[in-house]
Amino acid sequence: MAALIGVPGDTPPSAPGAHPPPIPRPGPLAQPRSSGQVGFPKDQTLAAIPPDNPQTAEKIALGQKLFFDGRLSVDGTVACATCHDPQRAFTDARPTSLGVQGRIGQRNSPTVLNALYNKSQFWDGRAKTLEDQAALPIANPVEMGQPDLEAAVASLAALPEYQQAFQRVFGRPPNGQDLVRALASYERTLTSFDSPFDRFLAGDDRAIDAAAKRGWVLFNDRARCNKCHALPDETPDLTNFKDDDFHNIGVLIVRHHVLPLARQAEKLIDSGNAVDVDRAAIGTDMSALGRFLLTKKEPDIASFKTPGLRNVLVTAPYFHDGSHPTLWDVLDHYNKGAGPRDPWLDQDIQPLGLQESELDDLVAFMASLTSDVYRAQGAEELARQRALSRTNRPYRDLRRAFGRRPTKSP
């Protein structure tokens, strides 16, 4: 394993002159969300609370405090909120995130909003629960840099504020298991609905404009978005617009020469060590292998989890590596298909031949999934992305987009 990700004690690469941004403050957007939001799925939310970690107000408050506390990191500069800023819909607006000492990760930070509904966590699904997910960044040398979870606990255990809080919530001193339970409890309150599209589904025909309505039709028809973002057709997932599955969509796969990486990674996977897999996924080129790092199944090479679409407008840049700056870039990628050089490409990735006006309509639909609390950010971001799309379209390829029509699924 040391030969694959570096000898223990090696320092991961840093961006020259880079350092983590100031840790965000827990303002109004960081507060637990109301269950009165339009579109809020009460039954599904209750089902997402594990019996061994019930929600309590004091536990949630402790989790929120921990989420914004840089003292969980080895040098005090990085908190969970560094990569999951409430002002940015709990993302960080970077292609890939910066950790302690400006160390650069390989993955784009997914939003924490609605993460409680995920069947697995991270882009490759390497954590099943929010409790499992919360522990790994703390001990990752590229993220928060602690040698292990217990080292982070030790840095807090001497503080009277945490001694008292853990005793009050759990009836015992600070420890790793309770720390991640508190973080997960807070994250389970970060639900996000109450969008124009939710009001449209609830019967308000004027909640979204004509462009968004056309985009919704395209989404379910010629654009084929629903193949991953709303399956199955009979009972589509309109909670997060995702299928909880993993797909190779052909994003920059040829850049990474993934087959040699896959052969290297087999020994790592056989070890079954979750911490080592986490470090490889975040700190090495093995990140490009995606789900294969967990399964060692060749069809899973470069497959990544379908992300949800809620608040997608305000969570740029896009894809697992943050390589696509705008929603127009994302649609250009799908419109042209991914080409013949990826033998593991998902069968639903085919040239679409959509016109520019149709791409605009699809963006309008996705913009309608922005929760009201992010309305101002959404309007500003839509204007920024639209202006950029009119001048810079690196992923556009009309010849490929219109060269072959997609086949109809049975």
Side-chain angles (χ1 to χ4, degrees), residues 20 23-27 29-33 45 48-74 76-86 88-92 97 99-100 107 109-118 120-122 125-140 143-157 159 161-192 274-275 278 282:
I23 296 171
R25 296 180 179 275
L29 290 174
Q31 300 308 309
R33 305 297 174 87
T45 304
I49 310 300
D52 62 349
N53 191 18
Q55 299 285 77
T56 69
E58 288 186 326
K59 189 191 299 182
I60 291 165
L62 173 59
Q64 181 174 346
K65 180 178 175 64
L66 289 164
F67 192 89
F68 289 87
D69 197 332
R71 290 173 292 187
L72 280 180
S73 66
V74 71
T77 64
V78 172
C80 304
T82 301
C83 298
H84 303 288
D85 184 348
R88 301 182 183 277
F90 288 84
T91 62
D92 63 4
S97 295
V100 292
R107 300 267 174 92
S109 287
T111 181
V112 180
L113 293 172
N114 292 350
L116 75 161
Y117 306 114
N118 293 343
S120 62
Q121 308 296 333
F122 295 120
R126 65 187 180 278
K128 284 293 183 185
T129 69
L130 286 173
E131 286 82 358
D132 294 338
Q133 183 279 327
L136 289 172
I138 294 171
N140 191 300
E143 297 179 283
M144 301 175 85
Q146 293 281 13
D148 52 42
L149 180 60
E150 295 311 315
V153 172
S155 69
L156 303 179
L159 302 173
E161 59 190 290
Y162 278 117
Q163 292 173 0
Q164 296 165 11
F166 274 82
Q167 194 66 43
R168 185 166 58 249
V169 173
F170 297 106
R172 48 186 174 255
N175 62 85
Q177 185 179 52
D178 290 340
L179 186 150
V180 298
R181 282 176 169 170
L183 282 169
S185 290
Y186 168 61
E187 291 176 354
R188 290 191 176 100
T189 70
L190 301 177
T191 57
S192 190
V275 172
D278 182 69
I282 297 299

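As the structure is a computational prediction, the values presented were derived from the model and not from experiment. Throughout, residue positions are numbered sequentially from 1 according to the sequence presented.
Residues S73 and G76 share a closest heavy-atom pair of OG-N, 3.1 Å. Scanning all heavy atoms of the two residues, the minimum distance from F68 to P86 falls at CZ-CG, 3.7 Å. Of all heavy-atom pairs between G99 and P20, the closest is O-CG, 3.1 Å. Here the closest heavy-atom approach between residue A30 and residue Y186 is recorded as O-OH, 2.5 Å. Of all heavy-atom pairs spanning D132 and K128, the tightest one is OD2-N, 3.7 Å. Closest approach of S155 to R71, counting heavy atoms only: OG-O, 3.1 Å.
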### Query
Does the side-chain contact (heavy atoms from CB on, under 4.5 Å) test come out yes or no for N53 and R188, once each step is laid out?
CA-CA 11 Å; N53 191 18; R188 290 191 176 100; 3.6 Å; yes
### Task
Check step by step if side-chain contact (heavy atoms from CB on, under 4.5 Å) holds for F170 and N175.
CA-CA 10 Å; F170 297 106; N175 62 85; 5.7 Å; no
#### Entry: Derivation of the side-chain contact (heavy atoms from CB on, under 4.5 Å) call for L72 and Q146
CA-CA 8 Å; L72 280 180; Q146 293 281 13; 5.8 Å; no
### Message
Run I282 and R107 through side-chain contact (heavy atoms from CB on, under 4.5 Å) and show every step you take.
### Response
CA-CA 6 Å; I282 297 299; R107 300 267 174 92; 4.0 Å; yes
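Here the side chains of F122 and L136 are in contact, with some heavy-atom distance below 4.5 Å. The shortest side-chain heavy-atom distance between P173 and Q167 falls under the 4.5 Å cut-off. Contact of the P32 side chain with the Q64 side chain is registered, since non-hydrogen atoms from C-beta on lie closer than 4.5 Å. The side-chain heavy atoms of I23 and T82, taken from C-beta on, include a pair separated by under 4.5 Å. Two residues are said to be in side-chain contact when any heavy atoms from C-beta on lie closer than 4.5 Å; L183 and C80 meet this criterion. Residues R33 and L113 form a side-chain contact, since some pair of their non-hydrogen atoms from C-beta on lies under 4.5 Å apart. Contact check for I138 versus L179: side-chain heavy atoms found under the 4.5 Å cut-off. Contact check for C83 versus E143: no side-chain heavy atoms found under the 4.5 Å cut-off.
Under the 3.5 Å distance criterion, the side-chain polar atoms of K65 are left unmatched by any main-chain donor or acceptor of Y162. Checking side-chain atoms of Q121 against main-chain N and O of A115 turns up a donor-acceptor pair under 3.5 Å. A side-chain donor-acceptor contact under 3.5 Å links Q163 to the backbone of A157.
Below 30°, between 30° and 60°, or above 60°: for H84 and F67 the angle between ring planes is between 30° and 60°, a tilted geometry.
Checked against side chain to side chain contact (heavy atoms under 4.5 Å, CB included), R168 has the following partners two or more places apart in sequence or in another chain: E58, Q164, A165. Checked against salt bridge (charged side-chain N to carboxylate O under 4.0 Å, His left out), R172 has the following partners two or more places apart in sequence or in another chain: D178.
No more than 12 heavy atoms of other residues, nucleotides or ligands lie within 6.0 Å of CZ in R88, so this atom counts as exposed by the packing criterion.
Tested against L116 for a side-chain contact (heavy atoms from CB on, under 4.5 Å), the candidates T189, L130, T129 yield a single pass: L130.
In this structure, OG1 in T91 is found 7.5 Å from CG in D85, a value given to the nearest 0.5 Å.
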